[in-house]
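Note sheet for the following structure.
Within every chain, numbering begins at 1; the chains are lettered A, B, ... in the order of the sequence lines, protein sequences first and strands thereafter.
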There are 2 protein chains.
Amino acid sequence: MTGRDSIPAPAVQRLSLYLRQLEALQFSGVGTVSSKQLGRSLGLSDAQVRKDLGYFGQFGHPGVGYRVDGLIQRVRGILGTDKVSNVVLVGAGNPGRALASFRGFSKKGFEVVGIFDSDSSLAGQPLAGLPTCVIQPMREMAVVVRTKSVRLGILAVPAPSAQTAAAEMVAAGLRGILNFAPISLQTDPSIAVSTVDLAVHLEQLSFQMTGSAG
Amino acid sequence: MTGRDSIPAPAVQRLSLYLRQLEALQFSGVGTVSSKQLGRSLGLSDAQVRKDLGYFGQFGHPGVGYRVDGLIQRVRGILGTDKVSNVVLVGAGNPGRALASFRGFSKKGFEVVGIFDSDSSLAGQPLAGLPTCVIQPMREMAVVVRTKSVRLGILAVPAPSAQTAAAEMVAAGLRGILNFAPISLQTDPSIAVSTVDLAVHLEQLSFQMTGSAG
DNA sequence: TTTTGTGAATTGCTTCACAGCA
DNA sequence: TGCTGTGAAGCAATTCACAAAA
């Protein structure tokens, strides 16, 4: 295959931002957008936008710009979110339950089809946000992953349990993990991992602010 | 000033990861670490670790490595988290309350000293995680920011209200925003903004997984 | 010997600038 | 004219490789 891994990672990240912006434009009824407009709304140059999209194909119309509806379809196709994906949630503590009740997932094509916790005393308990889902013990995860073709898991357990939980997720057949525990997971390179660490973000802001003015 | 803005942004991001790892090493009683060990635990080369730390000073000892305790102090100093920072939370809905009860902030030197919501009917309501804090109306934010020297705010309101809320935060005197709303905030360049969008992370994982195998 | 710190070489990303199309 | 798509140029970040220190 020619393209795929020669595409810069930063370009793929921005692709998600373009999609988010395009969906906002679609919602406000805009039919067409230029690379200049799209870039400006995200603090990027027009050339950056065109180059990024260019890695994936030719979607624009010279003299016109990009058709919003069409480009949304194409970008979703590239990211693999044009079909609904089932995901599972691991960890039914405070953060896990907050994520379970988060509406944004389904809007973007992700459906939570199971929530698991190593504390079996929680098993059977229903969830505020997901009335069709009850908390299940970890050992049930593999069968849910298999029967519902789940590939992605969200990890929301305390840091000390996270590495073990991640291993269980991989053993259950998951291929990607969105990790909310503040540790660096050790996994096989074939497993996609993305870590969200609030402390890291606060530290970055702290550094930026320390830089300019007191 | 010589260094500051010639430091690559990726290096600053990794600095937070080094700190996280160093704190874990400290917790498990490790006194000294080499660039090779530190890099390996984060999936980075030893040269990368040394080069990154080299942007900020000389912290290592040839033949020995880096003293964990000392390096933690230095990195916290660089990031500006060696002293406690007060932060405010904007948005007392589900995500906001989940963030309020998050213990990780104080461990990293950030203390939530106020929570605000534009829905004044919530005002006065106490919070599960922060018993000393009650929800306050937005108009109280400016005085809290001033009296408690708050510079950083966490924005956790629905997307349609986020741009307005951000403007109010800036007007109240905040200099940095950790944004959980899935939009690109339009703010003055002097304001530091970091956006956490779960959908973006899921899309990135989806892309990576679509890449390798079905 | 082990490991740091750092110029030099390399790789990768972004910006430029313009041909081509509507 | 207005805008895309894209090689070429320029810039930034990473890796290499080695002198110096413990």
Side-chain angles (χ1 to χ4, degrees), chain A residues 2-18 21-22 25 30-72 74-75 78 204 207-208 211, chain B residues 2-18 21-22 25 30-72 74-75 78 204 207-208 211:
Chain A
T2 159
R4 198 85 201 190
D5 47 30
S6 70
I7 298 171
V12 181
Q13 287 213 192
R14 285 189 295 265
L15 201 59
S16 282
L17 305 185
Y18 300 148
Q21 206 61 33
L22 288 164
L25 289 169
V30 175
T32 281
V33 67
S34 71
S35 58
K36 196 170 177 180
Q37 296 172 299
L38 194 49
R40 160 172 290 248
S41 68
L42 290 162
L44 304 168
S45 71
D46 54 334
Q48 179 85 81
V49 173
R50 291 198 301 278
K51 181 67 88 173
D52 284 346
L53 295 175
Y55 290 119
F56 303 98
Q58 303 189 167
F59 309 124
H61 304 273
V64 178
Y66 300 86
R67 238 85 85 168
V68 172
D69 291 13
L71 187 53
I72 287 176
R74 304 298 293 269
V75 174
I78 294 160
Q204 295 297 306
F207 177 82
Q208 287 183 247
Chain B
T2 162
R4 197 86 202 190
D5 47 32
S6 70
I7 298 169
V12 181
Q13 288 214 190
R14 285 189 296 266
L15 200 60
S16 282
L17 305 185
Y18 300 148
Q21 205 61 34
L22 287 164
L25 289 169
V30 175
T32 281
V33 68
S34 70
S35 57
K36 195 169 176 179
Q37 295 171 298
L38 194 48
R40 160 173 290 249
S41 68
L42 290 162
L44 303 167
S45 71
D46 55 335
Q48 180 84 80
V49 173
R50 291 198 302 277
K51 181 67 90 172
D52 284 346
L53 294 174
Y55 289 120
F56 303 98
Q58 301 190 167
F59 310 123
H61 305 272
V64 178
Y66 300 86
R67 239 82 86 166
V68 172
D69 292 14
L71 188 52
I72 287 176
R74 305 298 294 270
V75 174
I78 294 161
Q204 295 297 307
F207 178 82
Q208 286 183 247

- Item | Axis deviation across the helix from C:dT1-D:dA22 to C:dA22-D:dT1, five-pair ends, to the nearest 10° | 10°
- Message: Are the side chains of B:V33 and B:Y18 in contact, using a 4.5 Å heavy-atom criterion?
- Response: no
- Task: Check the distance between C:dT1's P and B:K36's NZ and give it to me in whole angstrom.
- Result: 14 Å
- Would you mind reading off the distance between B:R74 atom CZ and C:dG5 atom P, rounded to a whole angstrom? 11 Å
- Query: Expressed in angstrom and rounded to an integer, what is the separation of B:Y55 atom OH from C:dG5 atom C1'?
  - Reply: 12 Å
- Note on the structure: Rounded to whole Å, the OH-P distance (B:Y66 to C:dT2) equals 17 Å
- Decide yes or no for B:F56 and B:V75: does some side-chain heavy atom of the first lie under 4.5 Å from some side-chain heavy atom of the second? no
- Results of side chain to side chain donor-acceptor pair (under 3.5 Å) for B:Y66 - residues two or more places apart only: none
- Could you please name the option among C:dT4, C:dC13, C:dC16 that lies closest to any side-chain atom of A:A47? C:dC16
- State, with a plain yes or no, whether a side-chain heavy atom of A:P8 is found less than 4.5 Å away from one of A:Y55. yes
- State, with a plain yes or no, whether a side-chain heavy atom of A:I78 is found less than 4.5 Å away from one of A:V12. no
- Crowded around B:R14 CZ? As in, over 12 foreign heavy atoms under 6.0 Å? yes
- Message: Please tell me if B:Q58 has a side-chain N or O lying less than 4.0 Å from either OP1 or OP2 of C:dG5.
- Response: no
- Under the 6.0 Å and 45° cation-pi test, does A:R50 pair with A:F59? no
- Report yes if the side chains of B:L53 and B:L15 come closer than 4.5 Å at any heavy-atom pair, otherwise no. yes
- Task: Taking heavy atoms of chain A and a 4.0 Å limit, find me the 5'-most and 3'-most nucleotide of DNA chain D within that range.
- Result: D:dG2 to D:dA8
- Between C:dG5 atom C1' and B:Q48 atom CD, what is the distance in whole Å? 14 Å
- So, is B:R50 close to the C:dG5 phosphate, meaning a side-chain N or O under 4.0 Å from OP1 or OP2? no
- Message: Closest-nucleotide mapping onto DNA chain C: is A:K51 or A:H61 further toward the 5' terminus? I mean the 5' end.
- Response: A:K51
- Message: Can you tell me if B:S35 touches the phosphate of C:dT3, counting only side-chain N or O atoms and a distance under 4.0 Å to OP1 or OP2?
- Response: no
- Task: Take atom CG of B:D46 and atom C1' of C:dG5, then tell me their distance rounded to the nearest Å.
- Result: 12 Å
- Message: Using only atom types and a distance under 3.5 Å, with no angle test, would you say the side chain of B:Q37 pairs donor to acceptor with the backbone of B:S34?
- Response: yes
